[in-house]
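Heads up, the thing below is written out as structure tokens.
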Amino acid sequence: MKTKHPLFNVQKHLASHLHYDFRLEMNGVLKSWAIPKGPSLDPVIKRLAIEVEDHELSYANFEGVIEEGEYGGGPVIVWDTGKYDYLPDANGLSVEEALEHGKIEFFLHGSRLKGHFILLKLKSRPRQWLLIKAKDDEARPGSEITEEYENSVITGRSLYDLQKEDASGKLKRHRCK
Ligand code: MN
């Protein structure tokens with residue numbers, strides 16, 4: 001069954017290194033890429049996106065602290081979320097086929113990320129992709145969206161707010177499988 005307007009989200013995650021987890025809903029799971037420098041709205045910027053394991057859909061709006069010692073231990077906030085539309089190319093591939101072929105184009109309807117983006121797999125480099133903003137009306141040359149917006153798009157909290165809440169015992173921890 002196809003979801004007509006599937007979900008995308010970006011979680012900002014301070015594990016051993018700060019990164020942004022970019023996720024696209026596909027076939028009932030969240031396909032996921034870790035982007036060390038985060039997404040950009042500048043079409044000349046190509047951001048490395050490392051393919052990581054699928055996550056459950058229920059993880060999409062998770063904010064909290066993954067326990068120290070667990071994989072990815074550290075605070076997570078939802079940096080952006082919304083729907084996306086897959087943009088089929090001239091060959092008419094399904095989104096799953098496009099993923100398999102190593103090039104997916106889509107239109108994001110987020111609060112911070114909007115417009116046409118491309119995920120392009122690097123040849124001969126396993127799991128390494130590039131996230132690129134296509135040139136359109138939503139492109140913002142010269143901008144750095146991750147510096148303009150640092151906190152949660154849902155709650156306004158920063159990663160450090162979560163760490164403080166966690167230290168005070170107010171926050172639920174998330175155990176990563
Ligand atoms: Mn992560």
Side-chain angles (χ1 to χ4, degrees), residues 1-41 45-66 70-88 93-122 126-134 138 145-146 149-155 157-159 162 172 174-177:
M1 193 186 75
K2 293 272 183 289
T3 310
K4 192 146 184 253
H5 295 292
L7 177 92
F8 89 94
N9 95 323
V10 181
Q11 280 155 311
K12 187 177 178 182
H13 181 189
L14 182 60
S16 52
H17 298 281
L18 180 68
H19 60 275
Y20 295 75
D21 289 298
F22 182 80
R23 310 190 195 277
L24 295 175
E25 177 186 357
M26 220 179 283
N27 288 324
V29 296
L30 296 167
K31 292 287 172 192
S32 301
W33 292 260
I35 304 179
K37 290 188 176 173
S40 174
L41 293 177
I45 304 235
K46 298 174 171 68
R47 287 282 155 84
L48 180 67
I50 300 152
E51 197 178 329
V52 294
E53 74 280 10
D54 298 347
H55 276 59
E56 290 174 23
L57 275 182
S58 60
Y59 190 70
N61 288 324
F62 170 75
E63 286 194 351
V65 179
I66 298 171
E70 301 282 339
Y71 175 73
V76 178
I77 55 174
V78 178
W79 185 83
D80 200 13
T81 187
K83 302 289 183 183
Y84 80 92
D85 291 312
Y86 167 59
L87 302 172
L93 300 180
S94 69
V95 65
E96 295 84 2
E97 289 167 336
L99 182 77
E100 189 66 31
H101 280 73
K103 186 181 181 190
I104 318 172
E105 300 197 44
F106 44 84
F107 196 99
L108 298 180
H109 305 275
S111 300
R112 298 169 180 176
L113 300 183
K114 299 174 198 287
H116 183 175
F117 285 78
I118 303 154
L119 262 171
L120 187 66
K121 193 172 192 175
L122 292 169
R127 304 191 302 119
Q128 294 192 17
W129 297 63
L130 297 173
L131 179 67
I132 306 160
K133 178 75 194 73
E138 306 291 353
I145 190 82
T146 53
Y149 299 101
E150 297 188 329
N151 294 351
S152 166
V153 71
I154 296 177
T155 63
R157 295 183 297 179
S158 70
L159 288 167
L162 264 74
K172 260 201 178 149
H174 174 85
R175 182 167 282 276
C176 235
K177 286 181 299 299

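A quick note: this is a predicted structure, and the numbers were derived from the prediction, not measured.
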Side chain of [X], backbone of [Y]: donor and acceptor closer than 3.5 Å?
| X | Y | value |
| --- | --- | --- |
| Lys37 | Arg47 | no |
| His13 | Asp21 | no |
| Glu63 | Val78 | yes |
| Ser32 | Leu30 | yes |
| Tyr86 | Ile104 | no |
| Asp80 | Leu113 | yes |

**Message:** Can you classify the ring geometry of Tyr59 versus Phe62 as parallel (below 30°), tilted (30 to 60°) or perpendicular (above 60°)?
**Reply:**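 Plane angle under 30°, so parallel.
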
To the nearest 0.5 Å, how far apart are [atom1] in [X] and [atom2] in [Y]?
| X | Y | atom1 | atom2 | value |
| --- | --- | --- | --- | --- |
| Gln11 | Asn61 | CD | CG | 8.0 Å |
| Glu25 | Lys31 | CD | NZ | 12.0 Å |
| Ile45 | Ile132 | CD1 | CD1 | 11.5 Å |
| Trp129 | Phe22 | CH2 | CZ | 11.5 Å |
| Leu108 | Phe8 | CG | CZ | 4.5 Å |
| Lys121 | Lys103 | NZ | NZ | 15.0 Å |

What are the two closest heavy atoms between [X] and [Y], and how far apart are they?
| X | Y | value |
| --- | --- | --- |
| His55 | Arg23 | ND1-NH1, 3.3 Å |
| Tyr84 | His109 | CA-CD2, 4.2 Å |
| Pro39 | Leu131 | CB-CD2, 3.9 Å |
| Val52 | Trp33 | CG2-N, 4.1 Å |
| Leu41 | Arg112 | CD1-O, 3.8 Å |
| Ala15 | His19 | CB-CE1, 4.0 Å |

**Prompt:** For the side chain to side chain contact (heavy atoms under 4.5 Å, CB included) test, which of Leu159, Asn151, Thr146 pairs with Trp79?
**Reply:**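 The option that passes is Thr146.
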
**Request:** Taking the six-membered ring of Tyr20 (Phe, Tyr or Trp), confirm whether the NZ or CZ of Lys12 is under 6.0 Å from its centre and within 45° of its axis.
**Result:**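 No, Lys12 does not lie over the aromatic ring of Tyr20.
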
**Prompt:** Between the side chains of His116 and Glu138, is a donor N or O closer than 3.5 angstrom to an acceptor N or O?
**Reply:**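 No, no side-chain donor-acceptor pair sits under 3.5 Å.
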
**Request:** Count the heavy atoms of every other residue, nucleotide or ligand shown that sit under 6.0 Å from CD of Glu97, and state whether that count exceeds 12.
**Result:**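 Count over threshold, so yes.
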
